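From a predicted model like this one, the values you see are computed outputs, not experimental measurements. Below, read A as the first sequence line, B as the second, and so on, with proteins coming before strands; counting in each chain starts at 1. Values below: all heavy atoms of this structure, side chains included; hydrogens, waters and symmetry mates excluded.
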Amino acid sequence: MNLFTQSVISGLMTGAVYTFLGIGLVLVYRTARILNLAHGETFAITGVAAALLAGAGLPLGAALGLAILISLAFATGLHRFVLRPRAEWPAGTLILITLGAAFVVRGVLILLAGTDPLSFPVMFEGPPVRFAGGAMPLQGIALVVLGFGVSAGVGIFLAATRAGKQLLAAAENPYAAELLGVNVERARITAYAIGGLLGALAGVLLIPLIAVDFQSGLAMTLRGFIAAAISGMSPVGVLFSGLGLGLFEAMVGAYLGALYQDPVMFCVLILVALWQSRNIRFGGSRRA
Amino acid sequence: MRKFALARPAALAAAAVLLAPAATPAAAQEVWRIGEVAPLSGPAATVGTRLNKVTKMWVEEANAKGGIAGRKIELTTCNDENKPEKAVACARDMIEKGAVIIFGNALTASLRAIQPLVKSGPILLIPSPNVVPGADTYGFQVSPSDVDITEAIAEFLKANKIDKIGMVAATDASGEVGVASARKVFGDEKIELRLARIDLRATDASTQLARVAGSDIKVVYSSYTGGGAITVVKSFKNLGLAQPLIVSYGNISDAFVQLVKDVKPPRLLGTGVAGIVPEIVKDPGDRARSQAFLEAYAKRYAERPDMINLLGKAAVDVAEAILKTPNPKDYPAVKTFLESTPIPSVHTQRFSAKSHVGLDASSVIIVELKGETWVKADPVK
């Protein structure tokens, strides 16, 4: 087995997860100016719901579909019933509310599913694809293709389509956007829905390769946040930061050891943050 | 003055009448205060809740029989969330409230944090193999130590003429203990150890397995427990590795089996105390007690008990033996009693003045998952 090839494969899969979760966070931030700390809960809700429904005898496809719908309901419900009525509150308070929502989800999941990890079968069965001394499961290929593909699609949608630009305008200046005919509320709920869908898709594709439990959500939010922060909250940049982080993490784990992963990763995060802040320090006006 | 002299006996008698009925129920209400520090939420909740189930079962059964030595048990369970600072707060509170025994049903870091608090009692019972209490302390470990478990693996390898092993260990405190044991035991036994560490947040273990599971490695050992262990098993399967994979004792459970039964490697082995497969326990008393516990637990909770439940049972058996001593609050006397008296349990606990570890490597077996049942492992070809 070739360690380098396997590290690249592992890095691609990990990078797809970073990207999937990062793009959802960026999307909500760029349209509603809120860092949604409950974003990773869409991953956990989908995983736990799918595992419970499939375990109760529902066909896998139906269980996954229903789980995605539950996740979407949570993401849009969080905006519609929790954040929107408090839209005038300071952003910091709203962020704390999303953190509170994440803990509520944790509590509900522990009540429904207990503390043991859960999982469900893969959608793409078959022997792993072998090349250059490495092996990649079919589900992993789906994760990488869809992870980067869907995220690229969202990036292009935001940057190159009228609807996408309306979403971004809703965040930059909601009052001006409204005067120009943009339905700000619809733009925001669309952003939460897409974000929820991306988190749910990440769960559907990744969880069969690992396991999920009640506390997986915040860990996933953290992953998404690191990718999003390194990209400067850029919908296109998060594709590259997610890929880079995944590969970097796998290579550090393979050649330096997992004990170095966190220190190296957070050093990189600090350096990138310093690099990005240079514009602010030296009078630049670029804004995420 | 005379009036006062007459009134005083009457007042004393009245006071005696008033106080007497109050004193009798107070004596009757004397209870054994028992503390339990366990992670009921957070990353180690799967361990804490399993141990807690056994503790609760014991308390309910003992109280239903009228208590122990005439006193009912009052159990206080404190959720440390696998955070050492919370574990310390829990243990302090229990000691202040007069807990006579504390179940340290927590993980490595929390147990290390609360150990210094029981320097002069109460008795701390530890089901975790990762924390070995000193023989000069009031801590007693009711499981084999991690070194014992690793020695059992080394014995298994030697019996199968294997001189190399690959190992995946987490980067947390439990992983550190596993690595230290592996380096010592495999080093002493001249077994080559190929080691890779894995971060607790990892979503893929294929890089680690690629490092340690070369074609010259005949067995791979994962000391991981919980969700991370499942990631290792699934990555193992995805890489198409053919070697037997040994998982840690914490995974010998129904929940784990349900998650890996469709994705398990060709041979999935595990470490465990022999009581999990009662048929192979040599001592008839131990075998009968193991069997009885497995049946009682399955009846009570409608699920098969696992390794962690079994270690919890060992802890409550030792606690019951302590409560039956003449004065369980005389901690030096209890310490001497435990050091000199074998305690019957699912495996008879034998502490000594030199070691507060109740079991040794002879109680550990290597099991193998066949169908959905753990049985004694077949040899490795």
Chemist: Look only at the side chain of B/Arg211 and the backbone of A/Leu3, and say whether a donor-acceptor pair between them is shorter than 3.5 Å.
Modeler: no
Chemist: If you compare all heavy atoms of A/Leu259 against all heavy atoms of B/Arg197, which two are closest, and at what distance to 0.1 Å?
Modeler: CD1-NH1, 3.8 Å
Chemist: Within a 6.0 Å radius of atom CZ on A/Phe148, are there more than 12 heavy atoms belonging to other residues, nucleotides or ligands?
Modeler: yes
Chemist: Would you find a donor on one side and an acceptor on the other, under 3.5 Å apart, between the side chain of A/Arg106 and the backbone of B/Ser41?
Modeler: no
Chemist: Answer with side chain, backbone, both or neither: which region of B/Asp199 has an atom nearer than 4.5 Å to a non-hydrogen atom of chain A?
Modeler: both
Chemist: For A/Ile110, is it the side chain, the backbone, both or neither that has a heavy atom under 4.5 Å from a heavy atom of chain B?
Modeler: side chain
Chemist: May I ask you to name which of A/Gln139, A/Gln261, A/Arg223 has the most heavy-atom pairs under 4.5 Å with chain B?
Modeler: A/Arg223
Chemist: Working to the nearest 0.5 Å, report the span between NZ of B/Lys234 and OG of A/Ser119.
Modeler: 2.5 Å
Chemist: Where on B/Ala202 is there a heavy atom nearer than 4.5 Å to chain A: the side chain, the backbone, both, or neither?
Modeler: backbone
Chemist: Ignoring hydrogens and geometry beyond distance, is a side-chain donor-acceptor pair present between A/Gln6 and B/Thr207 at under 3.5 Å?
Modeler: no
Chemist: What part of A/Leu206 gets closer than 4.5 Å to chain B, counting heavy atoms only: side chain, backbone, both or neither?
Modeler: side chain
Chemist: Given that the side chain runs from C-beta out, which part of B/Leu259 has a heavy atom under 4.5 Å from chain A: side chain, backbone, both or neither?
Modeler: side chain
Chemist: Tell me, for A/Pro127 versus chain B, whether the close heavy atoms (under 4.5 Å) come from the side chain, the backbone, both or neither.
Modeler: neither
Chemist: Side chain, backbone, both or neither: which part of A/Met220 has a non-hydrogen atom closer than 4.5 Å to chain B?
Modeler: side chain
Chemist: Side chain, backbone, both or neither: which part of B/Leu40 has a non-hydrogen atom closer than 4.5 Å to chain A?
Modeler: backbone
Chemist: When heavy-atom pairs shorter than 4.5 Å are enumerated against chain A, which of B/Leu239, B/Thr171, B/Val232 gives the highest number?
Modeler: B/Leu239
Chemist: For chain B, find which of A/Thr14, A/Asp213, A/Asp262 contributes the most heavy-atom pairs closer than 4.5 angstrom.
Modeler: A/Asp262
Chemist: I'd like to know if the side chain of B/Thr49 pairs up with that of A/Thr115 as donor and acceptor (distance under 3.5 Å, no hydrogens or angles considered).
Modeler: yes
Chemist: Most heavy-atom pairs under 4.5 angstrom with chain B, which of A/Ala211, A/Gly140, A/Pro137, A/Ala51?
Modeler: A/Pro137
Chemist: Side chain, backbone, both or neither: which part of A/Ala219 has an atom under 4.5 Å from a heavy atom of chain B?
Modeler: neither
Chemist: Mark yes when over 12 heavy atoms from residues, nucleotides or ligands other than B/Glu303 sit less than 6.0 Å from its CD; otherwise mark no.
Modeler: yes
Chemist: With a 4.5 angstrom heavy-atom cut-off, which part of A/Ile207 approaches chain B: side chain, backbone, both or neither?
Modeler: backbone
Chemist: Have a look at A/Leu209 and tell me which of B/Asn238, B/Thr203, B/Asp204 forms a side-chain contact (heavy atoms from CB on, under 4.5 Å) with it.
Modeler: B/Asn238
Chemist: Based on non-hydrogen pairs under 4.5 Å, which of A/Pro208, A/Gly257, A/Gly253, A/Gly134 is most in contact with chain B?
Modeler: A/Pro208
